[in-house]
Novice: 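After the structure tokens below, expect a handful of questions from me.
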Amino acid sequence: METVTLVGAGIVNLITALELVRHGYEVTVCDRAPDPRSDADWTAYGCTRGGGDGRMFTLTEADSYHNRSWNPDGTSNRLLERPVSDHGWLVAKPGSLTGPELRWAADFHRIPPGLAEIYNDDIFEVNRTAGDRWRELVSDEPRLFSDDTGYADGILRLYTESEYFQWHLRRNNRVGATRRVLSPGEIAQDYPALSAACADGTIAGGIEVVGFTVNIHRFVARLVDSLETAGVRFRWRTEITAIRWASGVVDGLDTAGGETVQSHGYVLSPGAYGDELLKGTQSHHRIQGMLGVWFTVPNVEPQLARSLKIARKGHRAEETNVTLAKDADGRPVLVCGSGYGWTGLNPGNIDSTELDVLFDSLEDTLRRFFPEAHAAARAAGTLDASRQLCVRPWTASCLGVFERIATADGGSLIVTGGHNTGGFAQSPVVAEAVVAAFQRRPHMMHERYDPRRYEGSASLRMT
Ligand SMILES: Cc1cc2nc3c(=O)[nH]c(=O)nc-3n(C[C@H](O)[C@H](O)[C@H](O)COP(=O)(O)OP(=O)(O)OC[C@H]3O[C@@H](n4cnc5c(N)ncnc54)[C@H](O)[C@@H]3O)c2cc1C
């Protein structure tokens, strides 16, 4: 049986571990964080376990975000150089960014619209494939998709602006996501929890789309249980400090404890938290941090009955995901996450003033859409206590990363990551691509998410 060592136990590598074990590999997973089933403080964890307890799959997750950085005349609005308080995405401390970080921002800003569209289509094809794989997983692994993990089918998308609503409707129709289009009156009737936001004109329209949500912390706990039962070995609080290289090929991994880990294959998926580890690979410096913020409020009567994606064009909390969930005592809550704050390579490089602006923006959305839930959380003092953040792994091209490197004994080291807003959504396809690489079969992700793809692009060279 071939042995594989995985570094990182975020959602991307956990689903990869599941796929590897199903294909007969002997899997060990190392993570510097504590066991996600323990009640360690949320700040000890990466993006998956560190943020709020909700994630969703939709067919348009992880899309290209380059259009946010263009002025109407096609020039760049320098999105990453302007702080959040100036309607940009910069959250890193002033003057702290290094050369590789500034180059990454420049790469993000100069992607031409035509190229961004091509990348976006590729991302949506990954999502479409992921939808098929998730359907198979729901049927093969029912324990992962139950009341206990908060599995909830279907997403309601809401829009505050008619033109943007129509644009999104065309996009959702194009990818086959639309189930039903709703006017504000229909939303108020079918979703009484939103009647106030419909009555005061906040909501311009909605679309029920293909997708689902889970309570990701519970989902991950259940997944780790299942993986252990299937024979996967977990090594928590085990930091991998470097790839060991011998004459240009991989010869193992070094741990912070001075040990060398060796196996036939390796999969590094350290999220936004592992740039040092990626030294010597093409992925080094390419995956940077984009934080998002979270609040949890009670799901007051009349309860919201479907998870939401709220779009407020031009607002700082431009997109807010609202996931149906239960708190530790089993009471219904809404887990709300939103915002984009670029940290550069260090996910801890966060200006607290800019961070507060993101929390204020998310709170503004809650006040507008869920006035009673917001007031209840404020009155109970639970709103501020529920403040959390996590840092998504992001790339300048907005494409994920899939890199393969030869190892000394003829195997492969694979780097995956950088799936921006869709690490959960895309994880089954990443897993499929990893198994294909180990079995020396082609997979669309091998070329499309090649970290050198962007710099090799002909249209970029022409600009
Ligand atoms: C507000 C918000 C909402 C989101 N909503 C969605 C959504 O609805 N759907 C969706 O698909 N995505 C969503 N995302 C994005 C998603 O959460 C991320 O894409 C995903 O969690 C990233 O998972 P990962 O496995 O790549 O990284 P992580 O979860 O960060 O895991 C990486 C792991 O690697 C470990 N690690 C790093 N370096 C080392 C090392 N040297 N040695 C050992 N261990 C190491 C870390 O401790 C960490 O546990 C959202 C993100 C935010 C911020």
Side-chain angles (χ1 to χ4, degrees), residues 60-121 123 159-168 170-171 272 285-293 310-320 338-345 349-351 353-362 364-365 391-399 418 420-422 454-455 457 459-463:
T60 55
E61 218 62 47
D63 50 341
S64 163
Y65 280 73
H66 292 107
N67 54 3
R68 313 294 201 284
S69 74
W70 299 323
N71 293 316
D73 66 359
T75 57
S76 170
N77 67 22
R78 321 304 291 173
L79 184 68
L80 300 179
E81 289 166 16
R82 284 180 293 119
V84 172
S85 52
D86 187 22
H87 289 276
W89 282 8
L90 181 65
V91 82
K93 292 179 183 139
S96 61
L97 294 168
T98 60
E101 293 170 319
L102 296 170
R103 278 195 291 282
W104 191 93
D107 282 347
F108 182 90
H109 290 143
R110 75 194 161 110
I111 293 220
L115 188 61
E117 255 173 57
I118 293 169
Y119 288 173
N120 199 59
D121 286 348
I123 291 166
Y159 300 88
T160 53
E161 219 223 349
S162 300
E163 222 176 285
Y164 201 47
F165 170 41
Q166 292 306 328
W167 185 85
H168 265 270
R170 286 194 293 278
R171 175 184 249 204
H285 291 340
R286 285 189 209 260
I287 301 175
Q288 305 207 3
M290 192 73 73
L291 72 75
V293 297
I310 300 172
R312 299 181 73 185
K313 194 167 190 285
H315 190 261
R316 288 194 189 94
E318 188 165 333
E319 273 127 12
T320 301
S338 84
Y340 305 103
W342 178 50
T343 67
L345 286 164
N349 186 5
I350 300 168
D351 183 304
T353 310
E354 298 301 328
L355 182 63
D356 284 345
V357 176
L358 281 179
F359 276 112
D360 288 348
S361 308
L362 177 55
D364 179 65
T365 294
V391 184
R392 314 166 179 94
W394 205 285
T395 65
S397 65
C398 286
L399 294 165
N420 67 61
T421 59
Y454 173 28
E455 68 202 34
S457 149
S459 39
L460 185 70
R461 281 199 299 270
M462 284 187 305
T463 60

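One is the number of the first residue; the rest follow in order along the sequence.
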Novice: Report yes if some heavy atom in the side chain of I350 is under 4.5 Å from a heavy atom in the side chain of K93; otherwise report no.
Specialist: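 I350 vs K93: side chains apart.
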
Novice: CZ/R78 to OG/S69 distance, rounded to the nearest 0.5 angstrom?
Specialist: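 Between atom CZ of R78 and atom OG of S69 there are 9.0 Å.
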
Novice: On a heavy-atom basis, which atom in S96 and which in N349 lie closest, and how many Å separate them?
Specialist: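 Closest approach of S96 to N349: OG-ND2, 2.9 Å.
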
Novice: Hey, what's the ring geometry for W394 with Y65, parallel, tilted or perpendicular (30° and 60° as the breaks)?
Specialist: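 Judged by the thresholds at 30° and 60°, the geometry between W394 and Y65 is perpendicular.
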
Novice: Does this structure show an ion pair linking E354 with R82, if we count only N-O contacts that are shorter than 4.0 Å?
Specialist: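 Salt bridge: no.
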
Novice: For a quick test of reading the model, state the closest non-hydrogen atom pair linking A396 to F108 and the distance between them.
Specialist: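 Result for this residue pair: O-CD1, 3.5 Å.
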
Novice: Mind checking what makes side chain to side chain contact (heavy atoms under 4.5 Å, CB included) contact with Q166, not counting sequence neighbours?
Specialist: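 Result, side chain to side chain contact (heavy atoms under 4.5 Å, CB included) vs Q166: L169, R170.
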
Novice: Might you point out which heavy atoms bring N120 and S64 nearest each other, and give the distance in Å?
Specialist: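 Taking N120 first and S64 second, the nearest heavy atoms are OD1-N, 2.7 Å.
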
Novice: With a 4.5 Å heavy-atom cut-off, do V91 and P83 have their side chains touching?
Specialist: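 No; the side chains remain at least 4.5 Å from each other.
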
Novice: What do the steps show when you test L97 against W104 for side chain to side chain contact (heavy atoms under 4.5 Å, CB included), and what is the final call?
Specialist: CA-CA 11 Å; L97 294 168; W104 191 93; over 6 Å; no

Novice: What pair of heavy atoms forms the shortest contact from H285 to L345, and how long is it?
Specialist: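 Looks like ND1-CD1, 3.5 Å.
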
Novice: Please round to the nearest 0.5 Å and tell me the distance separating atom CG of N420 and atom SG of C398.
Specialist: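 So the CG of N420 and the SG of C398 are separated by 5.0 Å.
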
Novice: Using 0.5 Å steps for rounding, measure from the CG atom of D107 to the CZ atom of R103.
Specialist: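 Answer rounded to 0.5 Å: 9.0 Å.
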
Novice: For the CD atom of Q288 and the OG1 atom of T395, what is their distance to the nearest 0.5 Å?
Specialist: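 Between Q288 CD and T395 OG1, I get 10.0 Å after rounding to 0.5 Å.
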
Novice: Hey, what's the ring geometry for H168 with Y164, parallel, tilted or perpendicular (30° and 60° as the breaks)?
Specialist: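 Perpendicular, since the angle between the ring planes exceeds 60°.
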
Novice: Minimum heavy-atom separation for A62 and T421, please, with both atom names.
Specialist: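 Shortest heavy-atom separation between A62 and T421 comes out as N-OG1, 3.0 Å.
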
Novice: So, taking the atom named OG in S361 and the one named CG in D356, what distance separates them when rounded to the nearest 0.5 Å?
Specialist: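 Spacing of OG (S361) from CG (D356) equals 10.5 Å.
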
Novice: With no hydrogens and no angle check, is any side-chain donor or acceptor of N71 less than 3.5 Å from a backbone partner on D73?
Specialist: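 Checking the backbone N and O of D73 against the side chain of N71, no donor-acceptor pair under 3.5 Å is found.
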
Novice: Would you compute the distance between atom CH2 of W70 and atom CD1 of I111 and round it to the nearest 0.5 angstrom?
Specialist: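 Between atom CH2 of W70 and atom CD1 of I111 there are 8.5 Å.
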
Novice: Take D63 and R171 through the salt bridge (charged side-chain N to carboxylate O under 4.0 Å, His left out) test and state the conclusion after the steps.
Specialist: CA-CA 11 Å; D63 50 341; R171 175 184 249 204; 2.7 Å; yes

Novice: Between D86 and G88, is there a donor-acceptor pair closer than 3.5 Å when you use the side chain of the first and the backbone of the second?
Specialist: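 Such a contact is absent between D86 side chain and G88 backbone.
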
Novice: I would like to know whether L80 and M290 meet side chain to side chain contact (heavy atoms under 4.5 Å, CB included); could you show each step before the answer?
Specialist: CA-CA 10 Å; L80 300 179; M290 192 73 73; 4.3 Å; yes

Novice: Just one of R68, E319, E318 clears the side chain to side chain donor-acceptor pair (under 3.5 Å) bar with Y340, so which one?
Specialist: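 When R68, E319, E318 are each tested with Y340, the side chain to side chain donor-acceptor pair (under 3.5 Å) holds only for E319.
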
Novice: For V357 and R316: C-alpha separation, side-chain torsions, deciding distance, then whether side chain to side chain contact (heavy atoms under 4.5 Å, CB included) applies.
Specialist: CA-CA 8 Å; V357 176; R316 288 194 189 94; 3.5 Å; yes

Novice: Are R312 and D364 close enough for a salt bridge, meaning some N to O gap below 4.0 Å?
Specialist: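 The answer is yes: the pair qualifies as a salt bridge.
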
Novice: Measure up the Y119 and Y454 rings against each other and bin them: parallel (under 30°), tilted (30 to 60°), perpendicular (over 60°).
Specialist: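 Judged by the thresholds at 30° and 60°, the geometry between Y119 and Y454 is perpendicular.
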
Novice: Taking all atoms of both residues into account, what is the closest heavy-atom pair of P393 and A272, and its distance?
Specialist: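 P393 and A272 have their closest heavy atoms at CB-N, 3.6 Å.
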
Novice: Go through the structure and list residues passing side chain to side chain contact (heavy atoms under 4.5 Å, CB included) with L358, not counting sequence neighbours.
Specialist: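 Testing L358 for side chain to side chain contact (heavy atoms under 4.5 Å, CB included), a comparison that skips the adjacent residues, returns V84, L291, V293.
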
